[in-house]
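For the single chain, residues carry numbers from 1 onward in sequence order.
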Amino acid sequence: RAVVACGMCWGRRPETDLKYLLINPFCFTMTNLLALTWRKKSPLLRRPFISYVFFPFSSQVDTPKKCLYPNFSVTMTLEQFRSKWAHLSPGARHEYDDDDGSGISIALAGRIRSRRDASRKLSFFDFCGGGQLPRTERSLQILAQEKYLGPNFLDRNYQRGDIVGIRGFPGKSNTGELSIVAREMVMLAPCLRPLPDTARNVVRDHDIRFRKRYVDFLTNESARNVLIKRSKVINYLRQFLIDRDFLEVETPVLSVSAGGATARPFETSSVAFSKATDLFLRIAPELYLKKLIIGGFDRVFEIGKVFRNEGIDSAHNPEFTSCEFYMTYSDYSDIMDLTEELFRGLVYYINGSHVVHENAENAPIDFSRPFERIGVIEGIEKYAKITIPRPLDSPETKSFLDDLLIERGIRLSAPRTTARMLDKLVEHFIEDQIVDRPTFIIDHPKIMSPLAKTHSSDEDLTERFEL
């Protein structure tokens with residue numbers, strides 16, 4: 001099936017010879033490359049050499065090559081397959097349709113998780129889809145038999161991590177495991193790196209998990225659940241506000257000034273403007289949203305990224321997603337009612353219950369009960385069993401709070417201002433008491449929030465709350 005051809009390569013210009021070989025459609029042997037390299041090292045060589053080139057007949061040249069990554073259309077998801085055929089009895093083979101007697105052909109696709117060879121004529125593959133359900137509900141067994149796939153099929157190198165397409169019909173193994181009996185298996189994308197065996201272990205190395213997130217998602221079900229729940233939270237939050245006549249907007253991320261919060265911004269520049277013009281990544285969308293309120297929009301909100309060029313810890317990241325909404329003709333009591341309604345509905349939407357179990361050590365958090373509301377000064381005096389002198393900005397109050405911190409052994413670095421000492425007392429006496437239900441901490445002193453709106457009934461306090 002091949003013709004042997006002889007040719008002369010004079011070696012006068014090795015780079016020309018190399019170009020000839022590269023554009024030549026023939027499949028040259030290793031001898032050509034070795035000889036060409038040898039002549040490059042010996043430029044004085046002028047002797048011709050014989051090159052044996054093998055090439056197929058023209059009838060085979062026109063034969064199309066097999067696609068390495070073929071197209072494959074599925075007829076249903078693995079979750080739909082499990083739901084539709086779960087009623088089959090052990091050992092059943094539903095090869096033909098009950099209505100018209102035609103053959104059933106179902107096309108599924110997924111990633112191989114494991115392979116078990118029962119004999120030379122029978123193998124079992126566990127493969128998994130990419131849906132949002134738990135792995136047990138989006139996994140399925142492939143029953144591969146020589147009877148349907150042909151001889152020597154099981155010798156092919158299907159391994160853990162490969163993405164395959166399956167065409168076949170539903171059935172159950174003798175042990176009652178729902179399976180798809182394969183008539184055809186198509187390699188859609190081979191796995192070129194060894195996939196961790198999740199049946200025996202999971203990836204716990206933090207460096208691998210956070211640098212190679214795809215490995216984390218493939219091996220750790222908890223990491224997948226975080227991503228899925230985050231998507232549900234964003235969707236619920238957006239729909240909750242839209243249902244209450246809020247208008248979703250997008251405001252600029254790049255601006256000539258960074259405002260709306262006190263933080264260090266990221267700085268950049270643009271080729272469209274002069275070099276003297278500095279641009280900043282936004283640290284909050286607040287100013288643009290307030291301009292929309294001035295422009296006549298009564299209710300607006302935005303869900304988007306904000307950036308702050310500051311430290312990183314368990315509660316802070318240089319970039320994060322925030323939601324800001326503004327509603328006219330309402331006060332902070334209305335916003336607290338709206339926030340309570342939002343969280344109560346969100347928790348039930350995500351978990352199917354109003355009770356959240358954070359871990360075994362902490363008490364469950366009940367979102368069905370009304371959220372408690374505790375004033376800052378009221379809460380400190382209640383739990384510390386003291387009376388804070390008035391006015392709050394007096395030297396006597398500062399000295400009193402300083403002595404209280406020393407007496408109770410509460411550490412606070414300098415500067416020990418009245419505002420920072422009050423904030424530390426809130427953390428120590430109030431926040432530590434919040435264990436079983438969400439609580440609003442309200443009515444912060446003006447000395448702590450000088451830019452917040454003054455309280456309608458007490459000029460020393462502000463209409464501010466934290467949840």
Salt bridge check: are Lys305 and Glu319 linked by an N-O gap of less than 4.0 Å?
yes

Donor-acceptor contact below 3.5 Å, side chain Arg111 vs main chain Gly161
yes

Is the charged tip of Arg224 near the ring of Phe217: under 6.0 Å from the six-membered ring centre and within 45° of its axis?
no

Which atom names give the shortest non-hydrogen contact between Ile335 and Ser330, and what distance separates them?
CD1-OG, 4.2 Å

Basic-acidic side-chain contact under 4.0 Å: Glu137, Arg82
no

Quick check: do Gln239 and Asn235 have side-chain heavy atoms less than 4.5 Å from each other?
no

Under 4.5 Å between any side-chain heavy atoms of Leu140 and Phe127, yes or no?
yes

Ion pair present between Arg183 and Glu95, side-chain N to carboxylate O less than 4.0 angstrom?
yes

Tell me, with the steps shown, if Ser105 and Arg167 meet side-chain hydrogen bond (donor to acceptor under 3.5 Å, both in side chains).
CA-CA 6 Å; Ser105 179; Arg167 290 188 179 94; 5.7 Å; no

Whether Ser89 side chain and Ala92 backbone form a donor-acceptor pair below 3.5 Å:
no

Got Asp436 and Asp366 here, is their nearest side-chain heavy-atom distance under 4.5 Å?
no

If you draw a 6.0 Å radius around NE2 in His87, do more than 12 non-hydrogen atoms from other residues or ligands fall strictly inside?
yes

Does the side chain of Phe124 reach to within under 4.5 Å of the side chain of Leu143, using non-hydrogen atoms?
yes

Do the charged groups of Asp126 and Arg115 touch, with an N to O distance under 4.0 Å?
no

Looking only at heavy atoms, what is the nearest atom pair of Ile166 and Ala182, with distance?
CG2-CB, 3.8 Å

Heavy-atom count check: over 12 atoms from other residues, nucleotides or ligands less than 6.0 Å from Arg213 CZ?
yes

May I have the step-by-step check of side chain to side chain contact (heavy atoms under 4.5 Å, CB included) for Asp298 and Met327, ending in yes or no?
CA-CA 6 Å; Asp298 288 343; Met327 181 172 60; over 6 Å; no

Is Arg138 paired with Glu221 through a side-chain N to carboxylate O contact shorter than 4.0 Å?
yes

Apply side-chain hydrogen bond (donor to acceptor under 3.5 Å, both in side chains) to the pair Thr251 and Arg282, showing each step before the final yes or no.
CA-CA 10 Å; Thr251 59; Arg282 69 180 180 189; 3.0 Å; yes

Between His428 and Lys424, does the side chain to side chain contact (heavy atoms under 4.5 Å, CB included) criterion hold? Intermediate values first, please.
CA-CA 6 Å; His428 183 79; Lys424 191 66 176 180; 5.6 Å; no

Would you confirm whether Thr77, through its side chain, and Gln80, through its main-chain N or O, come within 3.5 Å as a donor-acceptor pair?
yes

Looking at Arg238 and Glu248, does any basic side-chain N land under 4.0 Å from a carboxylate oxygen?
yes

Between atom OH of Tyr236 and atom CG of Asp243, what is the distance when rounded to the nearest 0.5 Å?
9.0 Å

I'd like to know if the side chain of Lys232 reaches the main chain of Ile350, judged simply by a donor and an acceptor atom lying under 3.5 Å from each other, with no hydrogens or angles considered.
no

Could you check whether the rings of Phe440 and Phe371 sit parallel, tilted or perpendicular, using 30° and 60° as the cut-offs?
tilted

Any sub-3.5 Å donor-acceptor pair from Arg160's side-chain atoms to Pro194's backbone N or O?
no

Search all heavy atoms of Arg209 against all heavy atoms of Ala223 and return the closest pair with its distance.
NH2-CB, 4.5 Å

Do you know which two heavy atoms are closest between Gln141 and Ser179, and how far apart they sit?
NE2-OG, 2.7 Å

Tyr383 atom OH, over 12 foreign heavy atoms within 6.0 Å
yes

CG on Leu281 to OG on Ser255, rounded to 0.5 Å
10.5 Å

Exceeds 12 heavy-atom contacts within 6.0 angstrom, atom CG of Asp207
yes

Side-chain donor or acceptor of Ser83 paired with backbone N/O of Glu79 under 3.5 Å
no

Side chain to side chain contact (heavy atoms under 4.5 Å, CB included), that's the test. Do Tyr349 and Val233 meet it? Break it down for me.
CA-CA 9 Å; Tyr349 173 75; Val233 168; over 6 Å; no

With a 4.5 Å cut-off on side-chain heavy atoms, are Cys323 and Leu241 touching?
yes

Show your working on ring pair (Phe, Tyr, Trp, His ring centres under 6.0 Å) between Phe240 and Phe325 and close with a plain yes or no.
CA-CA 12 Å; Phe240 178 87; Phe325 64 89; 8.5 Å; no

Can you check whether His354 and Phe367 have ring centres sitting under 6.0 Å from each other?
no

At what distance, to the nearest 0.5 angstrom, does OG of Ser123 lie from CD of Gln145?
10.0 Å

Within 6.0 Å of CZ in Arg116, more than 12 heavy atoms from elsewhere
yes

Hey, could you give me the CD1/CZ distance between Ile410 and Phe429, rounded to the nearest 0.5 Å?
4.5 Å

Taking every non-hydrogen atom, the tightest pair across His316 and Gly311
CB-O, 3.9 Å

Got a sec: does the CZ of Arg408 have more than 12 other heavy atoms crowding it under 6.0 Å?
yes

Side chain to side chain contact (heavy atoms under 4.5 Å, CB included) between Glu324 and Glu302, intermediate numbers included:
CA-CA 6 Å; Glu324 285 199 23; Glu302 180 176 8; 5.8 Å; no

Keeping Ser114 on the side-chain end and Ile112 on the backbone end, is there a donor-acceptor pair under 3.5 Å?
no

Could you tell me how the ring of Tyr332 sits relative to the ring of Phe465: parallel (under 30°), tilted (30 to 60°) or perpendicular (over 60°)?
tilted

When rounded to the nearest 0.5 Å, the distance separating CD1 of Ile104 from CH2 of Trp85 is 4.0 Å

Is Pro170 close to Phe81 at the side-chain level, that is, under 4.5 Å between some pair of heavy atoms?
yes

Quick one: are Met187 and Asp162 in side-chain contact, heavy atoms under 4.5 Å?
yes

Nearest heavy-atom contact between Val355 and His357 is CG1-NE2, 3.8 Å

Is Arg244 salt-bridged to Glu341, cutoff N-O under 4.0 Å?
yes

With the threshold set at 4.0 Å, does a side-chain nitrogen-carboxylate oxygen contact exist between Arg373 and Asp337?
yes

Would you say Thr75's side chain and Ile106's backbone share a donor-acceptor pair under 3.5 angstrom?
no

First locate atom CE of Met448, then atom CG of Asp423, and finally report the distance between them rounded to the nearest 0.5 Å.
4.5 Å

Quick one, Val256 and Asp278 - any side-chain contact, counting heavy atoms below 4.5 Å?
no

